Chemist: 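I'd like to ask some things about the structure below.
Along the sequence shown, the residues carry numbers beginning at 1. We count ligands from 1, going down the list as the structure has it; atoms in each ligand are counted the same way. Computed from a predicted structure; not experimentally measured.
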Amino acid sequence: MSAASFISTAPVSERAVLVGIEWRNSIWPTERSLDELERLVESAGAECVGRLTQRLDRPVPRSFIGSGKVEELEALVERLDADVVVFDDDLTPSQQSFLEKSVGRSVKIIDRTALILDIFGLRARSREGRLQVQLAQLQYLLPRLRGMWSHLAKEQTRGGIGSRFGQGESQLEIDRRLIRDKISSLRRELKTVERRREVQSRSRSESLAFRVALAGYTNAGKSSILNALTAANVESADKLFATLDPTTRTLSLPGGRRLTITDTVGFIQKLPHGLVEAFKSTLSEVLSADLIIKVIDAADDDADRHIEAVDRVLCEIGAGERPAITLYNKVDMLDSEQRSYLQARHPDAVLFSAATSWGLESLLDRLSTEATRSDTLMSLMIPYAQGDLLNLLRTYGDVIALDYRSDGADVVARVPERIVGRIRRYEVTDR
Ligand SMILES: Nc1nc2c(ncn2[C@@H]2O[C@H](COP(=O)(O)OP(=O)(O)OP(=O)(O)O)[C@@H](O)[C@H]2O)c(=O)[nH]1
Ligand SMILES: [Mg+2]
């Protein structure tokens, strides 16, 4: 039997056609944007079979693309036997339903936002993450119900058996009401979960460790960095939005000082606003960090645009002014000349490779500089009965000199801001 005669049992993946617009003043080349859209489609488990682009000044109100392009799309979908068409820009509900009718053949018409919501739905694991995604999905769906129920509405105006059910309230209205109810109940549930998170996060912010958050473009290697620095064992994968839920781990710097590091959901160009809104509480980990590490994929040609997108989202969540450093990851993919060029262009950035740990020492050095920036140098006399304070200094600060005297430990230490208050009464000022 030849290999070709085996029947594959793998699920057949959906076949997608991508549609992108070359906007007149766009700074991002359409093909690049479509490359990213293709990766999103693959991350959702589908396959790209074709692309269509059009140069436009602004969207056509009724159909988004011109009527000639709609016909072209119809023909392309037919020829390629596609199941779904993905627009790289947001469609209004009426454009979506118009296109769905025009293209016909029960082909789904979706946009980048719907695709991202779908991927988030596939990835959400924690209860909070699932609630956040469900909420964003239903909010997206609500104004789009008309298209889905238009055939039923038609039945009702025609009259006859079945059309009299639910008099005074069309199926569409019933469904809208059900969805609104569901949205309210999700909001309530989310509030409860968020309150619990606030308690946890407050206890973390009261924790004495310096808190670092990894933020950055999706697939830049945030989870890999967490794994390289700590034995976190977080899933890292070559797909977009592999991580949704935040993970926090502790890291001890070479001098012994303890930090916490949090890995979070990635950002992307044209990230749906509703999703940023929905994930605000997850992203609050970034907002409350003492230091944000902005992770950039150094091997990506679009690195500069990624930085812009990351800065935009950080501003949107109110973290634009937080202390931050930039880390170029994946420098194992660059040769030494490219590395030198990158470092010369961004003298303040850290170069690192999570894959090979290249640059680990300078990353740890930099973290140490940042973590000790607000330290106070103190001379202390700590009574032996307060031995735990000495441990506290060793774990969260740096003990520089230690002399055991008869009346206690004579210590010189660099003390982090949040510990100074606890230790001040043992300070010796007359030396
Ligand atoms: N060559 C190379 N590949 C890397 C490096 N760091 C990460 N990768 C790869 O890049 C891909 C994405 O890594 P992740 O750590 O999942 O990226 P992430 O930023 O957490 O991505 P999301 O969670 O999807 O936002 C994976 O295939 C990693 O193996 C690196 O330093 N060098
Ligand atoms: Mg990740």
Chemist: How wide is the angle at the Mg ion (ligand 2) between OG in S223 and OG1 in T243, to the nearest 10°?
Modeler: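 About 90° at the Mg ion (ligand 2).
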Chemist: Among side-chain atoms of S236 and S223, is any donor-acceptor pair under 3.5 angstrom?
Modeler: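 Not at all, the side chains of S236 and S223 share no donor-acceptor pair under 3.5 Å.
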Chemist: When you measure from the centre of the six-membered ring of Y426, is the NZ or CZ of R424 under 6.0 Å away and within 45° of the axis?
Modeler: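 No, R424 and Y426 do not form such a contact.
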Chemist: Nearest to atom 31 (O) of ligand 1, what protein heavy atom do you find, and at what distance?
Modeler: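 The protein heavy atom lying closest is A354 N, 2.9 Å.
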Chemist: Going by the angle between their ring planes, with limits at 30° and 60°, are W23 and F64 parallel, tilted or perpendicular?
Modeler: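 Rings of W23 and F64: perpendicular, as their planes differ by over 60°.
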Chemist: Within ligand 1, which atoms have a heavy atom of G266 less than 4.0 Å away?
Modeler: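 Per the distance check, 25 (O).
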Chemist: Closer than 4.0 Å to some heavy atom of S353 - which atoms of ligand 1 meet that?
Modeler: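 Answer for ligand 1: 31 (O).
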Chemist: Are D332 and W358 side-chain neighbours, meaning at least one heavy-atom pair lies under 4.5 Å?
Modeler: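 Side chain of D332 against side chain of W358, heavy atoms only: no contact under 4.5 Å found.
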Chemist: Is it the side chain, the backbone, both or neither of K239 that has a heavy atom closer than 4.0 Å to ligand 1?
Modeler: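 Under 4.0 Å from ligand 1, K239 contributes backbone atoms alone.
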Chemist: Salt bridge check, E308 against R305: does any charged N sit closer than 4.0 Å to a carboxylate O?
Modeler: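 Salt bridge flag = no for E308 with R305.
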Chemist: Examine the side chains of D297 and N219 and answer whether a donor and an acceptor come within less than 3.5 Å of each other.
Modeler: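 N219 and D297 do not have a side-chain donor-acceptor pair below 3.5 Å.
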Chemist: Run the numbers on V85 and F87 for side-chain contact (heavy atoms from CB on, under 4.5 Å), then give the verdict.
Modeler: CA-CA 7 Å; V85 178; F87 280 71; 3.7 Å; yes
Chemist: Just to verify, which of D88, T30, D35 counts as forming a side-chain hydrogen bond (donor to acceptor under 3.5 Å, both in side chains) with R51?
Modeler: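 Single side-chain hydrogen bond (donor to acceptor under 3.5 Å, both in side chains) partner of R51 among D88, T30, D35: D35.
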Chemist: Would you say ligand 1 has an N or O under 3.5 Å from any N or O of A220?
Modeler: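 Yes, A220 has an N/O under 3.5 Å of an N/O on ligand 1.
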Chemist: Using heavy atoms and a threshold below 4.0 Å, how should the contact between N219 and ligand 1 be classified: side chain, backbone, both, or neither?
Modeler: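 It is both backbone and side chain that touch ligand 1.
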Chemist: I want to know if ligand 1 touches V265 in the polar sense, i.e. an N/O pair below 3.5 angstrom.
Modeler: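 Such a contact does not occur with ligand 1.
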Chemist: Please report whether ligand 1 has a polar contact with A355, defined as an N or O pair separated by less than 3.5 Å (distance criterion only).
Modeler: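 Yes - when backbone and side-chain N and O of A355 are compared with those of ligand 1, one distance drops under 3.5 Å.
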Chemist: Could you tell me whether S236 and ligand 1 have an N or O pair separated by under 3.5 Å?
Modeler: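 N/O-N/O distance below 3.5 Å does not exist for this pair.
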Chemist: Show me which atoms of ligand 1 lie under 4.0 Å from any heavy atom of M333.
Modeler: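 Under 4.0 Å from M333, ligand 1 has these atoms: 1 (N).
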Chemist: Please tell me whether Y341 and D335 have a donor and an acceptor in their side chains that are separated by less than 3.5 angstrom.
Modeler: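 Looking only at side-chain atoms, D335 and Y341 do not form any donor-acceptor pair under 3.5 Å.
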Chemist: Which residue supplies the protein heavy atom nearest to atom 13 (O) of ligand 1, what is that atom called, and how far is it?
Modeler: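 Result: S224 OG, 3.5 Å.
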Chemist: Quick test: of every protein heavy atom, which one is nearest to atom 10 (O) of ligand 1, and how far off is it to 0.1 Å?
Modeler: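 Of every protein heavy atom, K330 NZ, 3.0 Å lies nearest to atom 10 (O) of ligand 1.
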Chemist: Just to confirm my output: which protein heavy-atom neighbour is closest to atom 23 (O) of ligand 1, and how far is it?
Modeler: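 Scanning the protein heavy atoms, the shortest distance from atom 23 (O) of ligand 1 goes to T243 OG1, 2.8 Å.
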Chemist: Return a yes/no value for V331: is any of its N or O atoms, backbone included, closer than 3.5 angstrom to an N or O of ligand 1?
Modeler: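 Looking only at distances, the answer is no, because the N/O contact criterion of under 3.5 Å is not met.
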Chemist: Please work out whether any backbone atom (N, CA, C, O) or any side-chain heavy atom from C-beta onward of N329 is under 4.0 Å from ligand 1, and answer side chain, backbone, both or neither.
Modeler: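 Looking at N329 and ligand 1, just side chain atoms fall under 4.0 Å.
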Chemist: F241 heavy atoms, cut-off 4.0 Å: which ligand 1 atoms fall inside?
Modeler: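 Numbered from 1, ligand 1 contributes 24 (O).
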Chemist: Are more than 12 heavy atoms, taken from residues, nucleotides or ligands other than E427, located less than 6.0 Å from that residue's CD atom?
Modeler: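 Yes.
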Chemist: Within the 4.5 Å heavy-atom criterion, are R24 and R55 side-chain neighbours or not?
Modeler: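 Contact flag for R24/R55 side chains = yes.
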Chemist: Could you tell me whether L240 and ligand 1 have an N or O pair separated by under 3.5 Å?
Modeler: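 Min N/O separation from ligand 1 is not below 3.5 Å for L240.
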Chemist: Below 4.0 angstrom from a heavy atom of T218, which ligand 1 atoms are there? Numbered from 1 as shown, please.
Modeler: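 Near T218, meaning under 4.0 Å from one of its heavy atoms, ligand 1 has 22 (P), 24 (O), 25 (O).
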Chemist: Please list the nearest protein heavy atom to atom 24 (O) of ligand 1 with its residue and the distance rounded to 0.1 Å.
Modeler: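 In this structure, atom 24 (O) of ligand 1 has A242 N, 2.6 Å as its nearest protein heavy atom.
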Chemist: Before you tell me yes or no, could you show the steps for K108 and E14 under salt bridge (charged side-chain N to carboxylate O under 4.0 Å, His left out), namely the whole-Å CA-CA distance, both residues' side-chain angles and the distance that decides it to 0.1 Å?
Modeler: CA-CA 11 Å; K108 271 186 290 183; E14 280 189 305; 3.0 Å; yes
Chemist: Hey, is ligand 1 close enough to D263 that some N/O pair sits below 3.5 Å?
Modeler: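 No.
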Chemist: Are any non-hydrogen side-chain atoms of R257 and T395 less than 4.5 angstrom apart?
Modeler: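 Not touching, per the 4.5 Å side-chain cut-off.
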Chemist: Are there more than 12 heavy atoms of other residues, nucleotides or ligands under 6.0 Å from atom CZ of R32?
Modeler: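 It does: R32 CZ has more than 12 such atoms within range.
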Chemist: For atom 32 (N) of ligand 1, which protein heavy atom lies nearest, and how many Å away is it?
Modeler: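 Result: D332 OD1, 2.7 Å.
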Chemist: Report the part of A237 (side chain from C-beta onward, or backbone N, CA, C, O) that has a heavy atom under 4.0 Å from ligand 1; answer both or neither where that applies.
Modeler: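 Within the 4.0 Å criterion, A237 contacts ligand 1 through backbone atoms alone.
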